[in-house]
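First comes the structure, then the notes that go with it.
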Amino acid sequence: MKTLLDADYIERDGKAVIRLFYKTENGREIEEIEDFRPYFYAIPEDGKIEELKKEIQEIENVISVEEERKIDVQKEIDVLRITVKLPRDVPKIREIVKELKYCKETREAHIPFAERYLINSGLVPMKNSEEIDLKIAAFDIEVYNPRGEPNSDVDPILMISYSDSMGMRRVWTHSIDGIDLKFLEILENEREIIKKFVDTIREREIDIIVTYNGDNFDFPYLKERGRRLNVPIEIGIDGSQVKLERRGMNLGARVRGRPHIDLFPISRQIFNLSKYTLEDVYLEITGREKLDIRVGEMAEIWDSGDREKIKEILKYSMSDADATLEIALELLPLHYALSRITGELIYQSSRAGSGQRVESLLMRRAYERGILFPNKPSDQIVGERQRMSYIGGYVLEPERGIHDNLILFDFRSLYPSIIISYNIDPGTIDCECCKDDSYKTPTGHHFCKKRKGFIPEILKELIERRMKIKNKLAVEKDLRRRKFLDVKQYALKILANSMYGYFGFPRARWYSRECAETTAALGREYIKRTINEVERNGFRAVYGDTDSVYIVLPNETKKEKIVERAKSLLEKINSRLPEAMELEFEGFYPRGIFITKKRYALIDEFSRLIVKGLETRRRDWANIAKETQNDVLMAILHDKNPEKAASIVKDVIRRIKNGEVSLEDLAINTQITRGIGDYVQAGPHIAAAKKAMKRGLEFKRGDIVTYVITKKGSSISDKAEVIDFVKEGDYDSEYYINNQVLPAVLRILEALGYSEDELKGLGKQTTLDLF
DNA sequence: TACCAGAGGAG
DNA sequence: AAATCCTCTGGTA
């Protein structure tokens with residue numbers, strides 16, 4: 001038994017050799033494949049295949065040109081498979097072939113060689129990864145930073161913390177003494193701690209390296225320090241150095257044969273948090289607070305020589321590596337599962353977005369079926385596709401205000417089930433063979449009834465595999481086994497739910513605006529039909545969004561009666577739906593308040609508050625506003641006590657006014673979504689970030705700015721300061737009352753039916769009270 | 001006051 | 001580098 005961790009190729013004796021990096025039960029194994037050659041396809045102009053073949057055969061370094069029959073979207077065609085000597089020959093020869101007179105286009109000429117081999121061989125990475133005990137190591141570095149952000153040209157690494165799955169825990173540091181900590185090891189200098197790290201990874205035969213932001217901080221920094229101190233970071237299985245790869249705007253740190261997995265982008269993808277510091281993510285996963293320090297003070301503390309404070313830094317550093325390892329053990333299984341399903345290497349898969357993941361899966365399945373991959377679109381085509389948008393889901397205007405005894409119906413996997421039911425696929429759309437059929441979808445397109453579409457077929461396979469796993473889960477007792485199955489079904493769900501978005505993704509190979517558009521149009525049709533149907537049966541639809549509808553039964557207050565009526569109606573609706581589609585009874589809610597589209601709150605049967613879209617759910621509102629809104633919602637929906645709500649608000653306003661609110665509760669988190677210079681109109685978070693940058697902090701696209709509105713300045717942007725530079729109590733109470741707490745709370749009370757005048761009175765009065 | 005860029009949520 | 005729909009804020013004229 002073995003598991004495939006990594007793959008690449010090298011050139012040897014003028015030949016490309018694929019290397020497969022396995023972990024076996026006894027250790028490591030590198031398998032070399034010497035008889036696989038790079039190739040790509042050329043599609044000839046009609047009837048010109050022989051002519052094209054002759055032309056191509058003349059090209060230098062072309063080994064062979066063979067005719068092959070492939071499926072291209074709607075039909076079978078004859079293409080030429082051009083085999084070349086080395087992977088680096090492909091781009092050159094592809095350019096030449098593309099320009100030949102009888103060549104319509106080239107295909108599959110951009111697939112990296114090692115990935116090409118994995119697709120063709122059907123090898124699956126991370127298979128058996130649960131059975132083989134993978135050795136996982138986490139590390140983290142702390143750096144001297146006397147001018148704010150550290151500079152790897154001059155600022156040394158102070159310590160490296162290390163924690164692995166076999167239980168070894170260390171902080172390696174230098175230039176200190178007299179501190180007693182179990183995990184501490186003091187070495188000669190910076191060079192020695194880097195060396196120790198490299199040696200440890202090698203000696204302990206680590207299989208997977210995990211970091212938190214190692215792609216863009218720890219590894220680039222380590223690599224540069226290593227270069228300057230003449231300690232190359234040679235931690236690859238083959239002794240190679242860690243390699244920094246460009247990945248769009250960011251870097252990826254790649255270690256040959258010992259996949260490095262960065263948990264920071266993964267956490268961003270999986271969790272919905274206000275910010276994504278290691279501490280936040282650790283808290284989200286474990287429910288425990290992690291030791292934290294102000295890293296801005298690192299240099300100051302280090303220079304002070306204060307042993308107690310340095311001891312705190314050492315403990316903090318250790319906890320970083322420990323937390324990273326713990327997070328990894330929690331998150332990696334999902335990524336192993338995704339890697340197995342899509343066939344991508346774990347290094348790629350763990351850094352892939354939804355589009356990339358779906359595409360990798362599709363390419364594997366396409367190869368198996370003899371389907372020619374569509375090319376990746378050029379930037380120009382991407383631009384054209386972006387401008388061609390289409391209509392999406394339907395949102396029913398809510399009946400504003402409070403409703404009792406709500407029932408929620410929703411379609412189980414609406415879009416996937418539509419794609420399957422209607423066979424929606426670029427290869428089945430508007431086929432010749434079914435063009436005389438009477439049924440047309442709402443977009444005017446029809447889909448083949450004879451041939452099963454490629455994507456519906458894959459989607460069905462994903463859903464069926466998931467169902468099988470769910471059935472197993474229902475009877476499985478063993479906890480370990482249950483966890484494994486649950487992760488797997490979740491991975492399948494993620495992929496199935498990404499398929500519709502993939503149709504509309506401008507960079508997709510199998511992009512089809514028509515398919516995306518038709519799927520959404522049918523979705524609208526089904527939810528609208530459902531709304532009509534419930535209303536014809538005595539219910540009222542008070543709100544609905546895309547695949548869901550909240551309904552109430554007028555003149556009936558008994559829960560049992562309402563639920564019974566709803567369930568029988570559900571049965572009726574379902575009996576008329578296509579087989580793959582199902583409307584489900586999602587829940588009963590004693591009370592709810594609907595504010596606007598996509599903004600509402602409910603109380604469930606266990607008195608739990610569910611909030612959608614309102615400020616409470618948004619990272620770009622201060623805690624004080626969010627918590628107050630939450631309390632007001634509880635007072636109204638659960639306690640049914642508007643007076644209580646009013647007194648909650650008054651008390652919070654008093655506390656704000658008295659300067660009693662902590663910075664933590666005043667912080668607003670907003671992401672920088674573009675280059676700082678690219679803003680036409682910059683908000684307070686950009687103003688705050690710019691000021692902080694002048695004081696030595698670094699901010700770039702993608703970062704989340706945590707800031708507070710202080711007293712100093714005229715506009716809100718003027719007053720915005722990054723939280724690190726704000727002292728407790730220095731905040732603009734008027735802003736927090738009038739722009740945070742009151743809007744969040746008044747929206748609720750307004751929907752409750754308080755007249756605008758009354759509320760203005762409340763607002764003013766409360767404000768007046770305090771002035 | 002009106003408009004728009006920007007952000008982040010829902011499904 | 002998955003889609004669209006939608007609300008709301010703060011800057012600007």
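What you see is a predicted model, and the numbers here were worked out from it, not measured in a lab. By convention in this document, chain letters (A, B, ...) are assigned in the order of the sequence lines, proteins followed by strands, and residues within each chain are numbered from 1.
- Residue-environment remark: CD1 (A/I676) exceeds the threshold of 12 foreign heavy atoms within 6.0 Å.
- A straight line from CD1 of A/I709 to C1' of C/dG11 spans 13 Å, rounded to a whole angstrom.
- Here A/Y543 lies out of heavy-atom contact (under 4.0 Å) with every strand.
- By the 30° and 60° cut-offs, the orientation of the rings of A/W510 relative to A/F454 is tilted.
- Checking the phosphate oxygens (OP1, OP2) of C/dG11, a side-chain nitrogen or oxygen of A/S717 falls inside 4.0 Å.
- Between the CE atom of A/M388 and the C1' atom of C/dA2 there is a distance of 19 Å, rounded to whole Å.
- Among the heavy atoms of the strands lying under 4.0 Å from A/Y679 are primed sugar atoms or P, OP1, OP2 only; no base atom is included.
- Closest to the side chain of A/S389, from the set C/dT4, C/dT9, C/dA2, is C/dT4.
- Within the nucleic acid shown, A/G683 has no heavy atom closer than 4.0 Å to any nucleic acid atom.
- Side-chain proximity of A/P506 to C/dC5, C/dG11, C/dA2: nearest is C/dA2.
- A salt bridge is absent between A/K719 and A/D730; no separation between the charged side-chain nitrogens and carboxylate oxygens falls under 4.0 Å.
- Phosphate proximity of C/dA1 to A/Q356: absent, as no side-chain N or O sits under 4.0 Å from OP1 or OP2.
- Relative to the side chain of A/F505, the nucleotides B/dA10, B/dG6, C/dA1 differ in distance, and C/dA1 lies closest.
- As judged by a 4.0 angstrom heavy-atom cut-off over every strand, A/Y394 is placed among residues making no nucleic acid contact.
- Nucleic acid contact class of A/R247 (heavy atoms, under 4.0 Å, all strands): none.
- As judged by a 4.0 angstrom heavy-atom cut-off over every strand, A/A508 is placed among residues making no nucleic acid contact.
- Not one side-chain nitrogen or oxygen of A/N497 sits closer than 4.0 Å to the OP1 or OP2 atom of C/dA2.
- The nucleotide whose nearest atom lies closest to any side-chain atom of A/I716 is, among C/dT4, B/dG6, C/dG11, C/dG11.
- A donor-acceptor contact closer than 3.5 angstrom is absent between the side chains of A/S715 and A/S717.
- Taking atom CG on A/L614 and atom P on C/dT9, their separation rounds to 12 Å, with Å as the unit.
- Checking the phosphate oxygens (OP1, OP2) of C/dC6, no side-chain nitrogen or oxygen of A/R599 falls inside 4.0 Å.
- A/R357 comes within 4.0 angstrom of nothing in the nucleic acid, heavy atoms only.
- Side-chain polar atoms of A/T277 and A/D280 form a donor-acceptor pair below 3.5 angstrom.
- Across all strands shown, A/G501 has heavy atoms under 4.0 Å from base atoms, whether or not it also approaches the sugar-phosphate.
- Mapping A/R507 and A/E397 onto DNA chain C by nearest heavy atom places A/R507 at the nucleotide closer to the 5' end.
- Toward the 5' end of DNA chain C, the nearer of the two residues A/Y502 and A/R618, judged by each one's closest nucleotide, is A/Y502.
- For the OP1/OP2 pair of C/dC6 and a distance below 4.0 Å, the side-chain nitrogens and oxygens of A/K598 include no atom meeting the criterion.
- The residue A/R747 sits close only to the backbone: its heavy atoms come under 4.0 Å of sugar-phosphate atoms, none of a base.
- Put simply, CZ on A/R385 is 14 Å from P on C/dA2, counting in whole angstrom units.
- At the heavy-atom level, A/L414 lies nowhere under 4.0 Å from the strands shown.
- Using modelled atom types, one finds no donor on one side chain facing an acceptor on the other under 3.5 Å when comparing A/Q348 with A/Q356.
- When ring centroids are compared, A/F219 and A/H260 come within the 6.0 Å threshold.
- For A/Y735, taking side-chain heavy atoms from C-beta onward, the closest of the listed nucleotides C/dA2, C/dG10, B/dA5 is C/dG10.
- As a whole-Å value, the separation of A/W621 CH2 from B/dG8 P is 13 Å.
- Residue A/S354 is classed as a base contact, given a heavy-atom separation below 4.0 Å to a base.
- A/D410 comes within 4.0 angstrom of nothing in the nucleic acid, heavy atoms only.
- Between A/K626 and A/E615 there is no salt bridge, since none of the side-chain N atoms of the basic residue sits less than 4.0 Å from a carboxylate O of the acidic one.
- Counting only heavy atoms from C-beta on, A/R617 has its side chain closest to B/dG9 among B/dG6, B/dG8, B/dG9.
- When rounded to the nearest whole Å, the span between NZ of A/K719 and C1' of C/dG11 equals 15 Å.
- Between A/H685 atom NE2 and C/dG10 atom C1' there is a gap of 11 Å when expressed in whole angstrom units.
- The CZ-P distance, from A/F271 to B/dG8, rounds to 19 Å in whole Å.
- Note on A/G355: only backbone sugar-phosphate atoms sit closer than 4.0 angstrom, heavy atoms only; bases stay farther off.
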